[in-house]
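Structure record follows, encoded as structure tokens.
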Amino acid sequence: MTSSISAWFWSERFWLPENVSWVDLEHPPPGVEYPRVGQILYALPLAVGVFLLRLLFERLVAKPCAHILQIQAGVHRQAQPNAVLERVYQSKTCPDTRQLDGLSKQLDWDVRKIQRWLRIRRNQDKPSMQKKFCESMWRFTFYLGIFIYAIHHLWASPWMWDTRQCWHKYPLQPLSPGQYNHYVAELAFYWSLMFSQFIDIKRKDFIIMLVHHMATIILITFSYANNMLRAGTMVMCVHDASDIFLEAAKLANYAKYQRLCDGLFVVFSISFFITRLVIYPFWIVYSVLFESWEIAGPYQSWWLFNGLLLVLQVLHIIWFYLIARIAIKAIFKGKVSKDDRSDIDSSTDEEIKNPSQTLKPKDGSHTGILNGDSHDH
């Protein structure tokens with residue numbers, strides 16, 4: 001039963017072009033190595049190491065930097081202990097009107113008093129500004145390091161300058177140490193992010209980011225199994241490039257360097273446009289969609305891979321629209337303050353004993369990308 005499912009899943013006709021088999025990839029010429037799916041499994045134990053490294057980095061590097069910049073942890077106001085409301089909160093953080101009316105009768109509390117208790121309780125679970133700073137500093141360090149490594153490897157690669165080389169003799173292309181290290185590092189990083197979601201303070205975008213991380217892991221694993229490493233490394237590189245500036249802008253935001261934050265966010269917006277709306281579609285996706293068709297020919301998983309890349313491009317367009325709105329406000333109004341993607345409570349700044357550690361939204365209906373309530377893309 002297991003062998004039949006495995007044979008169905010790893011069907012050569014789905015994963016590989018015509019006249020190519022798994023045997024061809026398992027027995028490369030002497031001195032040459034092709035990617036094998038089993039190799040990528042090393043990313044799982046490495047993800048644990050990445051997570052532990054993150055904890056050490058945040059404790060030994062990021063937290064001291066936060067203290068130097070006078071970014072304190074802050075103390076959230078504690079909700080009055082109430083077993084009934086706590087049970088309701090654990091099942092549903094924002095009860096509907098009918099539930100609120102029922103609780104009002106059960107506890108003999110005014111509805112507004114219950115709403116205030118729930119608001120305070122929700123704010124208790126929000127990460128402090130210092131926690132957000134440490135997380136952003138870790139992501140900034142990773143994105144910067146992996147981008148430098150990727151560019152160093154790609155700069156000397158002929159397929160970066162001539163994308164048709166991505167499909168020369170495809171899929172019988174040798175695996176280089178640089179490609180393998182890049183893939184394993186990225187995969188371990190995203191596995192660690194997914195694991196840490198269940199350990200860290202639960203964010204409002206938990207499900208969205210869980211799906212995001214899973215989709216990223218599937219795409220990376222898929223392209224490795226399919227030996228689309230040349231195109232895959234370029235896709236990961238262009239995504240990491242703009243995220244460096246986003247995390248840098250967040251760090252400036254948490255440190256209350258508003259002008260630096262605004263400037264970095266504008267740079268992030270420009271880099272996002274160049275990498276994800278110019279280089280990605282017209283350089284990389286064009287090659288995967290048209291040049292690979294011409295040189296290697298389409299096959300079943302080719303359609304799936306291109307479909308996923310195009311869906312990603314649609315998301316890039318949506319994200320850039322939201323980012324551009326914020327960047328325009330930063331240029332003309334001088335302050336990055338809102339994120340049109342995620343809602344928060346209007347009384348966040350009321351429920352913190354140390355209000356200097358909270359950035360106050362203008363209208364209370366949206367939170368800043370740079371406040372960390374929504375993660376990077």
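Interatomic distance, CG of Leu229 versus CH2 of Trp159, reported as 9.0 Å (0.5 Å rounding).
Of all heavy-atom pairs spanning Ser269 and Ala327, the tightest one is OG-CB, 3.3 Å. Considering all non-hydrogen atoms of both residues, Leu85 and Asn82 come closest at N-OD1, 3.0 Å. Glu186 approaches Ile146 most closely through the heavy-atom pair OE2-CG1, 3.7 Å. Nearest heavy-atom pair, Pro64 versus Glu58, reported as atom, atom and distance to 0.1 Å: CD-O, 4.5 Å. Residues Pro281 and Arg276 share a closest heavy-atom pair of CD-O, 3.4 Å. Here the shortest heavy-atom pairing between Trp117 and Gln80 reads NE1-O, 2.6 Å.
Asn306 places a side-chain N or O within donor-acceptor distance of the main-chain N or O of Trp302, the cut-off being under 3.5 Å. Side-chain N or O atoms of Asn227 include none that pairs as donor or acceptor with a backbone N or O of Tyr34 at under 3.5 Å. Not one N or O on the side chain of Trp138 forms a donor-acceptor pair closer than 3.5 Å with the backbone of Leu55. For Asn181 (side chain) and Pro177 (main-chain N/O), a donor-acceptor pair under 3.5 Å exists by modelled atom type. In this structure, Thr221 contributes its side chain and Ile218 its backbone to no donor-acceptor pair below 3.5 Å. No side-chain donor-acceptor contact under 3.5 Å links His168 to the backbone of Arg164. At distances below 3.5 Å, not a single donor-acceptor pair connects side-chain atoms of Glu291 with backbone N or O atoms of Gln165.
Checked against a 6.0 Å centroid threshold, the rings of Trp283 and Trp161 do not count as neighbours. Residues Trp303 and Phe14 keep their aromatic ring centres 6.0 Å or farther apart. Ring centroids of Phe265 and Phe268 are separated by less than 6.0 Å, placing the two rings close together. Taking the six-membered ring where the residue is Trp, the centroids of His152 and His182 are separated by 6.0 Å or more.
Side-chain contact between Ile317 and Gln313: present, with at least one pair of heavy atoms (C-beta onward) separated by less than 4.5 Å. Contact check for His153 versus Ser176: side-chain heavy atoms found under the 4.5 Å cut-off. With contacts defined as side-chain heavy-atom distances shorter than 4.5 Å, the pair Val88/Arg121 does not qualify. In this structure, Phe245 and Tyr143 have side chains that are not in contact, with every pair of non-hydrogen atoms separated by 4.5 Å or more.
By the rule that hydrophobic residues join a cluster once side-chain heavy atoms approach within less than 4.5 Å of another member, Ile279 and Leu315 end up as members of one cluster. Both Val32 and Tyr180 are members of a single hydrophobic cluster when ILVMFWY side chains are connected at heavy-atom separations under 4.5 Å. Hydrophobic clustering of Ile, Leu, Val, Met, Phe, Trp and Tyr side chains at less than 4.5 Å, counting indirect connections, keeps Leu289 apart from Val311.
Judged by distance alone, the side chains of Glu33 and Gln39 do bring a donor and an acceptor atom under 3.5 Å apart. Judged by distance alone, the side chains of Asn226 and Tyr299 do bring a donor and an acceptor atom under 3.5 Å apart. Inspection of the Arg54 and Ser192 side chains reveals no N or O donor paired with an N or O acceptor under 3.5 Å.
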Please tabulate, for the side chains in residues 99-108, all donor-acceptor contacts under 3.5 angstrom to protein atoms that are two or more places apart in sequence or on a different chain.
{"from": "Gln99", "atom 1": "OE1", "to": "Asp96", "atom 2": "N", "distance (Å)": "3.1"}
{"from": "Ser104", "atom 1": "OG", "to": "Trp109", "atom 2": "O", "distance (Å)": "2.5"}

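Residue Phe142 is tested with Phe189, Phe57, Phe51, Tyr149 for a ring pair (Phe, Tyr, Trp, His ring centres under 6.0 Å); the sole match is Phe189.
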| field | Worked check of side-chain hydrogen bond (donor to acceptor under 3.5 Å, both in side chains) between Asp262 and Gln258 | value | CA-CA 6 Å; Asp262 294 341; Gln258 192 60 51; 3.0 Å; yes
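Salt-bridge check for Glu135 with Lys250: failed, with every basic side-chain N at 4.0 Å or more from each acidic carboxylate O.
Atom CZ of Arg13 has more than 12 heavy atoms from other residues, nucleotides or ligands within 6.0 Å.
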